[in-house]
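Here the structure is a predicted model, which is why all the values come from computation and not from measurement.
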Amino acid sequence: MIISWNTTQACNINCLHCYRDAGAKRADELTTAEGKKLLGEIAKAGFKIMILSGGEPLLRPDIYELIRHARAVGLRPVIGTNGTLIAPEVAKKLKDAGLAVAGISIDSLDRSHHDHFRGCSGAWEQTLRGIEACRQAGLPFQIHTTVTSWNEHEILAITDKAVELGAIAHHIFFLVPTGRGKDIEDTTLKTAQYEALLERILDKQAQVPIEIKPTCAPQFMRIARQKGMAMRYTRGCLAGTSYCVILPNGDVHPCPYLPIRVGNVRDTAFDVLWQTSPLFGELRSGVLKGACGRCGFTDICGGCRARAYYYSDGDYLAEEPWCSYGR
């Protein structure tokens with residue numbers, strides 16, 4: 001089981017696709033004490049992997065303390081970062097605090113394209129320096145890439161770059177129109193492109209020594225089964241079943257891209273919300289509509305619930321629009 005906590009709304013760059021519409025810090029963000037209490041409740045609920053993200057989590061002065069506490073309660077802490085703030089001393093402090101892995105974003109091998117997408121001149125160079133700092137500190141890192149129509153052609157080349165840099169994995173995120181991502185909805189991959197890239201990604205997995213993981217594209221599990229490939233994952237879309245997200249102010253959503261409030265950890269302990277939420281119960285039922293309910297792969301795919309929500313005017317159980325299988 002895996003969970004994300006958007007530890008802050010603050011961010012030092014202005015990415016075009018940011019699902020959290022990050023920038024300025026919110027006045028109502030969870031305090032250090034509240035964060036530690038939350039981490040204990042997350043462990044009590046049975047979660048194992050704790051993703052500390054943002055915004056930019058390195059803008060929280062207490063991030064090292066939170067990482068240490070996550071370790072202390074039995075969680076495996078990782079961070080999702082743009083990488084621009086990882087100086088050598090930061091990498092060492094992260095490792096010493098007990099961070100397991102740093103997830104660092106690279107969206108293009110063309111530095112000007114990466115910088116434009118990240119809304120920050122010089123981001124490419126700063127990110128590469130951050131990656132090198134992690135490598136020198138012995139801190140494992142993986143590369144994160146968001147797929148759009150403009151960088152689709154270089155996704156597998158970024159995988160090769162990840163191998164060259166010494167990453168342990170390449171996680172490829174398929175754009176969901178949430179937050180600022182709504183403004184670039186026209187760059188999302190549609191049906192044929194979507195399926196074809198997943199095919200290429202799974203074929204590429206056999207050629208490289210690191211893990212390649214499509215995210216927000218749960219059909220990769222169906223394609224893997226059709227290819228006879230063994231996968232260590234049990235399901236594509238995990239929203240509300242073995243994954244959810246806590247926002248900076250303590251609100252709980254089924255996933256970062258599905259903007260439905262389940263409750264708030266200031267009002268109800270997280271482990272109680274996780275066990276008793278009717279919304280989570282619906283998502284765990286496996287009862288989906290349209291093609292997603294009849295394709296025969298509901299158990300391992302589930303369709304992207306966030307994409308279904310966006311394109312069906314709020315029905316998170318609807319069929320996913322960009323998957324043609326089962327229609």
Side-chain angles (χ1 to χ4, degrees), residues 4 6 9 14-23 53-55 80 105 107 117 144-152 171-198 214-222 235-248 251-263 277-280 282-295 297-298 301-327:
S4 296
N6 297 145
Q9 194 87 354
N14 189 41
C15 302
L16 296 181
H17 66 304
C18 181
Y19 63 81
R20 196 53 63 220
D21 195 14
S53 63
S105 298
D107 298 298
F117 194 59
H144 293 172
T145 303
T146 297
V147 179
T148 62
S149 56
W150 64 265
N151 69 350
E152 175 199 1
H171 286 201
I172 302 167
F173 293 74
F174 284 64
L175 180 68
V176 180
T178 308
R180 290 200 291 269
K182 293 178 182 178
D183 298 331
I184 56 170
E185 185 279 333
D186 61 333
T187 69
T188 58
L189 300 192
K190 309 297 194 294
T191 315
Q193 286 177 295
Y194 184 95
E195 182 96 358
L197 181 56
L198 285 175
T215 299
C216 297
Q219 292 79 10
F220 85 92
M221 289 292 290
R222 183 251 304 161
R235 198 167 190 266
C237 182
L238 305 178
T241 60
S242 57
Y243 175 74
C244 70
V245 63
I246 296 98
L247 274 59
D251 282 347
V252 179
H253 289 186
C255 92
Y257 312 98
L258 185 51
I260 305 174
R261 185 179 183 274
V262 174
S277 162
L279 174 58
F280 287 156
E282 271 197 294
L283 290 168
R284 294 166 191 167
S285 72
V287 179
L288 303 176
K289 301 176 182 178
C292 283
R294 62 175 179 266
C295 75
F297 292 94
T298 302
C301 174
C304 176
R305 295 300 92 216
R307 200 172 283 114
Y309 173 90
Y310 179 83
Y311 289 104
S312 70
D313 195 28
D315 186 354
Y316 50 83
L317 298 178
E319 66 180 21
E320 182 174 340
W322 306 135
C323 179
S324 62
Y325 197 86
R327 295 182 186 171

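Residue Gly55 comes nearest to Ala22 through the heavy atom pair CA-CB, 3.7 Å, listed as atom of the first residue, atom of the second, then distance. Between Asp21 and Gln9, the shortest heavy-atom distance links the atoms O-NE2, 3.7 Å. Summarising the geometry of Cys216 relative to Val176, their closest heavy-atom pair is CB-CG2, 3.9 Å, with the distance given to 0.1 Å. Scanning both residues, Trp150 and Asp107, for their nearest heavy atoms gives CH2-O, 3.8 Å. Minimum heavy-atom separation, Gly303 to Cys237: O-CB, 3.2 Å.
Side-chain contact between Asp186 and Thr188 is absent, with no heavy atoms from C-beta onward closer than 4.5 Å. A 4.5 Å side-chain heavy-atom check between Leu175 and Tyr19 finds every atom pair outside the cut-off. Between Cys244 and Val262, the closest side-chain pair of non-hydrogen atoms is not below 4.5 Å. Contact of the Pro254 side chain with the Arg305 side chain is not registered, since no non-hydrogen atoms from C-beta on lie closer than 4.5 Å. Under the 4.5 Å side-chain criterion, counting only non-hydrogen atoms from C-beta, Thr215 is not in contact with Ile172. Using a 4.5 Å heavy-atom cutoff, the side chains of Gln219 and Leu198 are in contact. Between Tyr194 and Val147, every side-chain heavy-atom pair lies at or beyond the 4.5 Å cut-off. Counting heavy atoms from C-beta on, the side chains of Pro321 and Arg307 come closer than 4.5 Å.
Using a 30° and 60° split on the angle between ring planes, His171 and His144 fall in the parallel class, below 30°.
How far OH of Tyr310 is from SG of Cys304: 13.0 Å, rounded to the nearest 0.5 Å. Here CD of Glu185 is found 11.0 Å from OG1 of Thr178. Values are rounded to the nearest 0.5 Å. For the atom pair Thr148 OG1 and Leu16 CG, the distance stands at 9.5 Å (nearest 0.5 Å). In this structure, CG in Asp315 is found 10.0 Å from CG in Leu288, a value given to the nearest 0.5 Å. Here the NE2 atom belonging to His17 is positioned 6.0 Å from the OG atom belonging to Ser105, to the nearest 0.5 angstrom. Separation of atoms CD1 (Ile260) and OG (Ser277) is listed at 10.0 Å; rounding is to 0.5 Å.
No more than 12 heavy atoms of other residues, nucleotides or ligands sit less than 6.0 Å from atom NZ of Lys182. Within a 6.0 Å radius of CG in Asp313, no more than 12 heavy atoms belonging to other residues, nucleotides or ligands are found.
Ring centroid separation for the pair Trp322 and Phe174 does not come in under the 6.0 Å cut-off.
Side-chain contact annotation: Glu282 with Tyr316, donor-acceptor N/O pair under 3.5 Å present. Side-chain contact of Asn6 with Ser53: a donor-acceptor pair under 3.5 Å is present, judged by distance alone. Donor-acceptor pairing under 3.5 Å is recorded for the side chains of Ser4 and Tyr243. Between the side chains of Glu320 and Tyr309, no donor N or O sits under 3.5 Å from an acceptor N or O.
Under a 3.5 Å cut-off, the side chain of Thr298 and the backbone N or O of Cys292 do form a donor-acceptor pair. Remark: side-chain polar atoms of Arg284 are paired, donor with acceptor, to backbone N or O of Gly240 under 3.5 angstrom. Counting only distance, with no hydrogens or angles, the side chain of Arg180 and the backbone of Cys15 share a donor-acceptor pair below 3.5 Å. The closest donor-acceptor contact from the side chain of Glu319 to the backbone of Gly290 lies at 3.5 Å or more, if one exists at all.
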Problem - side-chain contact (heavy atoms from CB on, under 4.5 Å) between His253 and Arg261, worked out - result: CA-CA 5 Å; His253 289 186; Arg261 185 179 183 274; 4.1 Å; yes
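Of the charged side-chain nitrogens involved, at least one lies within less than 4.0 Å of a carboxylate oxygen, so that Glu195 and Arg222 count as a salt-bridged pair.
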